[in-house]
Amino acid sequence: MYKATFIIIEKSYLIRKGLISIIEKIPNTQVIQQFDNEDDLKTPANFESDFIIINPNLLNANTLNIIKKIAKNTQVISLSEKSIVLTKELEWTTQIYLDDTQNSILKKLNTLIGNRETKNVKSEVPEEISKREIDILKNIALGYSNKEIADKLFISTHTVVTHRKNITRKLGIKTVPGLTIYAILNKIIDINNTGKSKS
Amino acid sequence: MIITKNIKMADVIHTNYFTLSVLNRFGIELGFGDKSVDEICKKNNVDVDFFLEIVNAFVDKDYFPKKHLQTFSVKLITDYLQKTHDYYHKLKVPEIEHLIEEMVDSCYTQKENIVLLKKFFNDYKQELLNHTRREEEIVFPYTLAIEKAYNSVESDNSVIELMETYSIEIFQNEHDNIEEKLLDLRNIIIKYLPQPKNSRLCNKLLYELFNLEQDINDHSRIEEKVLVPKIREMEKIITKKFAEK
Ligand SMILES: [Fe+2]
Ligand SMILES: [Fe+2]
């Protein structure tokens, strides 16, 4: 099932809490991370989310770059008073104002989530892993690297990475040992043959 | 609920049973009668302010006063982290191993699957051990040396040499997400493992895995959001101090 994920970057605890409680009223949403300052953005963290809601006051040259980088797959929403002029360097999906009513915030967010869902529907339908993915999974479980798998199956490393991401999303398993157990449990590989034969 | 100095230590545990493991790390043992948190901490030589922030953050993942936590000494912070490592290796990991062992013994129909879990956890245990060992042997001693240089009036060149070989930045980049595999294991058991006859053990195992994962989460948060920024700040000031000379 599609779940819309959010990251919130805002200094005020009260505002963050308030916003989270509104977001959580929408089914299948989750606030996966919250930051109260821009410094923490430097730490390597999992930024994969559908939406980022950020107070533009917390943007500086540095954070702007980070946000820009992740904004390819993530929609950025501003959170501010009406009077604040937004930086033109970012593509803002929408703006939430501090004096918005709950209904208007819900409406803005629901529209965005709706749009995103339709876009994602294509990749969401086959929840079961495909035959191609099983091939890839088999090789991962046997201990091959992305590069080796790419060479073996005559596809690009990039394609292997995409397949891996989809496998992880579908199964909910991220690590190689985890995927290996899955492969054994589902008889994709043989328990006595785990590990590539070194020749 | 935020735990404060004046409430009874007994009530801390009554309200949240998980605080027991934190108390254990601070060397506080049961049998407090009606004594307050403050009294019990004094009696055990525990810094009560530090204890309160740690225990509150442990219980409530939204409560994380990192700025305040950064004001405590590196010694205090790394001591706590170190004790948490011990708690994992001496208590939690053996408990989980024991449970899996019990599952292997009591399961006839799908022994090979449980053996898989056992191997997975065994590898994980080694990984966790390497992770914490590296922190104990390299990172913590480094942070303590930085604190020492930071506090001392004389400037000793050896710390600059040390900073040339290691930095908290390196730790930050190499510090891996050790919880991820536990989440995988949990998912495998919940979603994909053919359910063994003995579901009591299986549920218990899930519960323990979940607890360990949460605990490590809290632990890594202290490492990354308290220890790292604190040391980074100290490194800056030491470098400045030397540049001025
Ligand atoms: Fe640690
Ligand atoms: Fe760690």
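This structure is a prediction, so every number in the text was calculated from the model and none was measured.
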Kindly list each side-chain donor-acceptor pair under 3.5 angstrom involving residues 164-171 of chain B, sequence neighbours excluded, with atom names and distances?
unit_1	atom_1	unit_2	atom_2	d
B:T165	OG1	B:L162	O	2.7
B:Y166	OH	B:E174	OE2	3.2
B:S167	OG	B:E169	N	3.3
B:S167	OG	B:I170	N	3.4

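- The contact between B:K181 and chain A is made by backbone and side chain atoms together, counting heavy-atom distances below 4.5 Å.
- Of residues 211-222 of chain B, not one residue has a non-hydrogen atom less than 4.5 Å from any non-hydrogen atom of chain A.
- For A:K147, the salt bridge (charged side-chain N to carboxylate O under 4.0 Å, His left out) test picks out A:D151, with sequence neighbours left out.
- Contact count versus chain A (heavy atoms, under 4.5 Å) is highest, among B:D184, B:N177, B:L116, B:D123, for B:D184.
- Of the possible polar contacts, one joining the A:R16 side chain to the A:K11 backbone as a donor-acceptor pair under 3.5 Å is found.
- At a threshold of 4.0 Å, the pair B:E136-B:R133 does not count as salt-bridged, since none of the basic side-chain nitrogens sits closer than that to a carboxylate oxygen.
- More than 12 heavy atoms of other residues, nucleotides or ligands lie within 6.0 Å of NZ in B:K241, so this atom counts as buried by the packing criterion.
- In this structure, B:R232 does not pair ionically with B:E235, as no charged nitrogen and carboxylate oxygen lie closer than 4.0 Å.
- Listed by chain and number, the residues in a side chain to side chain donor-acceptor pair (under 3.5 Å) with B:Y150 amount to none (sequence neighbours excluded).
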